[in-house]
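Read through the structure below, which is laid out as structure tokens, and then see the notes.
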Amino acid sequence: MGLVLKSTARHHAISSKLKKPFTFDKPLIVQYEINFQDGIDCGGAYIKLLSESNHLNLDEFHDRTPYTIMFGPDKCGEDYKVHFIFRHKNPVIGDYDEKHAKRPEADLKKYFTDKKTHLYTLIVKPDNTYEILIDQTVVGQGSLTEDVIPPLNPPKEIDDPKDKKPKEWDERAKIPDPNAVKPDDWDEGGPEEIEDVNAVKPEGWLDNEPHFILDMNAKKPSDWNAGMDGEWEPLYLPNPKCETAPGCGVWKHPIIKNPDYKGKWKPPLIENPNYQGIWKPHKIKNPHYFEDLNPFKMTPFSAVGLELWSMTSDIYFDNFIICSDKEVADRWASDSWGLKKLVASANEPSMLSQLLSAAEERPWLWVLYILTAALPVGLLVLFCWPRKKTEEKEEDFDFKLSDSCDENYLELQSNAKEEVEDGNEAGNEEYENSEDEGNEEDASVEEEEVTAANQSLTDDEIKESDESTGSGEEVKKSLRKRRVRKD
């Protein structure tokens, strides 16, 4: 339950007396809740602290009732504001001026549009500083002496209202050259614009088609009164044939600027030798000057009120508190606004529900959802699938390398034999025989060792290959690889 403004486009006012007037000898804390339940188009939700006076009559509370402080949100169009205005008394002449605190730099739009209950707090301190908080977060702060408009203290000097500018004072920085003469060939006549004689009518121009045609399907309304409404005529519609053609109607040469037109001659400007600058009145002492070093000492207030005009209904107010202790205001907020915030958070729809509802309003979001879901799957395939192909290529490469090693080994053996044979042919016959015998013996010994090693390897490797990989081409490839490594 709360206090709700129910009507639109009307003035509203409600107020209440405080138990005792508030005097500015201690900090001031003003805090209350607002909820724009239907958003807000134009209007305010600010509170007024009504100045203490013997003439204060709350039954006649209106927009001109004197107040000490006005605080709260206000919006019209796209201008979102939080007011903090205090009325400051001129000690010299006794008049009151409204001093507006500088606008908060934070973005305030969401507090007006999210349809949630928000907590507005104003803190004014005896050191002449202030803070504006929304939902217990500072959105604006400053000094009562420096961060207000207009300035708190008036200037020491002002313009003399009796001082007047002399008649002979020349403020012209430049003047026409008095010695300049208009050239003889300067022609001030002639039109400024002429037809473009070089223009050619575009192909497909429809000369006989009007730009607009009568709506043949239009019918006179049954309640048409010729005596009051005049003679009825059907409406004209754009000619559909003109939409695809370069143009319709009688073609005319386009208009261009006249290149020979010079206009009225004017003498050129030169520096004014008698220029005296911009005249300013003399300064005099401000008779109403004062310097208030402690603006915190404002007029005491004894009542609180809402005086509003709004184009939006159902503005909700609740839990007003005025005190001097921040801890008291915080406890009050936690016992009221804090509980509302917890309940509202618990009742908020889940993220999935919000996404589905958003897609119902904007069907194109389904495309975005599908792309977002497909992206990790695509990345997974991209980074994982090619790895298997790479392993297969590496395995094929090992087999090919084994084959090439076997072929290179056999080729080296044949080359060595050919070199031995060439050497034997170039030597003597008696060394040839002995060397042939020696080579044959070495070759026979080498072949026997290789054969024995291959046999021993083959027996063991065949057993291992049969147990692990089976027989056939796979056994041959594995055996070939092991032989190459051991050789």
Side-chain angles (χ1 to χ4, degrees), residues 22-25 27-30 42-53 62-108 120-134 138-165 278-301 304-309:
F22 183 93
T23 57
F24 287 86
D25 52 6
L28 169 66
I29 299 174
V30 182
C42 186
Y46 38 79
I47 186 175
K48 287 184 176 182
L49 308 182
L50 304 181
S51 302
E52 183 184 15
S53 171
H62 50 77
D63 59 338
R64 290 182 297 277
T65 301
Y67 66 88
T68 299
I69 288 177
M70 188 176 85
F71 167 69
D74 189 16
K75 184 248 182 181
C76 199
E78 289 299 315
D79 188 14
Y80 302 89
K81 297 180 289 187
V82 175
H83 289 299
F84 168 38
I85 305 172
F86 64 94
R87 296 174 72 243
H88 181 258
K89 184 177 181 179
N90 187 320
V92 177
I93 59 177
D95 290 343
Y96 283 89
D97 292 326
E98 290 185 351
K99 307 297 182 182
H100 296 247
K102 67 178 183 180
R103 299 184 59 167
E105 297 180 356
D107 185 9
L108 305 176
Y120 287 78
T121 307
L122 170 66
I123 303 175
V124 186
K125 303 177 183 178
D127 63 354
N128 297 309
T129 61
Y130 68 88
E131 289 183 345
I132 299 173
L133 299 87
I134 303 179
V138 177
V139 297
Q141 56 187 347
S143 169
L144 298 177
T145 59
E146 298 177 0
D147 299 316
V148 295
I149 301 173
L152 180 72
N153 297 314
K156 293 183 178 181
E157 294 183 336
I158 60 173
D159 293 338
D160 185 359
K162 298 180 180 180
D163 193 12
K164 296 182 179 179
K165 183 176 69 173
I278 302 299
W279 182 84
K280 295 180 180 179
H282 294 297
K283 294 289 185 180
I284 61 172
K285 290 184 178 181
N286 186 356
H288 299 151
Y289 172 75
F290 65 88
E291 186 178 14
D292 188 353
L293 299 179
N294 192 17
F296 172 76
K297 289 288 187 178
M298 303 180 192
T299 305
F301 60 90
V304 58
L306 298 172
E307 185 273 312
L308 305 170
W309 182 90

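Given the structure is predicted, the values throughout are model-derived calculations rather than measurements.
Note: I29 CD1 to T121 OG1 = 8.5 Å, rounded to the nearest 0.5 Å. Rounded to the nearest 0.5 angstrom, T299 OG1 and L49 CG are separated by 11.5 Å. To the nearest 0.5 angstrom, E52 atom CD is 9.0 Å from T23 atom OG1. Distance check: T129 OG1 to L144 CG gives 7.0 Å after rounding to the nearest 0.5 Å. Between the CG atom of D292 and the NZ atom of K89 there is a distance of 12.0 Å, given to the nearest 0.5 Å. To the nearest 0.5 Å, atoms NE2 (H83) and CD1 (I47) are separated by 14.0 Å.
Within the 6.0 Å centre-distance limit, the rings of Y130 and F84 are counted as a close aromatic pair.
Smallest separation of non-hydrogen atoms from F296 and D25: CE2-N, 4.3 Å. P155 approaches N286 most closely through the heavy-atom pair O-ND2, 2.9 Å. Heavy-atom minimum distance, P295 versus N128: CD-OD1, 3.2 Å. What you find for G44 and L308 is that their closest heavy atoms are O-CD2, 3.6 Å.
Within the structure, side chain to side chain donor-acceptor pair (under 3.5 Å) contacts touching residues 153-162 (residues at least two apart or in different chains) are D159-K283.
Annotation: side chain of K81 is not in contact with side chain of P73 (no heavy-atom distance under 4.5 Å). With a 4.5 Å cut-off on side-chain heavy atoms, L28 and F301 count as touching. Residues Y46 and F71 have side chains not in contact (no heavy-atom distance under 4.5 Å, counting atoms from C-beta outward). Using a 4.5 Å cut-off on side-chain heavy atoms (C-beta onward), V124 and F86 make no contact.
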Mind running side chain to side chain contact (heavy atoms under 4.5 Å, CB included) on Y120 and L133 for me, showing each step along the way?
-> CA-CA 6 Å; Y120 287 78; L133 299 87; over 6 Å; no
Show the numbers, then the answer: is there a side chain to side chain donor-acceptor pair (under 3.5 Å) between T68 and S51?
-> CA-CA 5 Å; T68 299; S51 302; 2.8 Å; yes
Check the pair E307 / K48 against salt bridge (charged side-chain N to carboxylate O under 4.0 Å, His left out), numbers first and verdict last.
-> CA-CA 8 Å; E307 185 273 312; K48 287 184 176 182; 2.9 Å; yes
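The main-chain N or O of T145 is found under 3.5 Å from a side-chain atom of S143 such that the two form a donor-acceptor pair. A distance-only check finds a donor-acceptor pair linking the side chain of R103 to the backbone of Y80 [under 3.5 Å]. Remark: the backbone N or O of Y67 is paired with a side-chain donor or acceptor of R87 at under 3.5 angstrom. No donor-acceptor pair under 3.5 Å is formed between the side chain of N90 and the backbone N or O of D95. Put simply, the side chain of K75 gets close to the backbone of G77: a donor and an acceptor are under 3.5 Å apart.
Residues passing the ring pair (Phe, Tyr, Trp, His ring centres under 6.0 Å) test with F290 are H88, sequence neighbours excluded.
More than 12 heavy atoms of other residues, nucleotides or ligands lie within 6.0 Å of NE2 in H62, so this atom counts as buried by the packing criterion. The environment of I284 atom CD1 is dense: over 12 non-hydrogen atoms of other residues, nucleotides or ligands sit within 6.0 angstrom.
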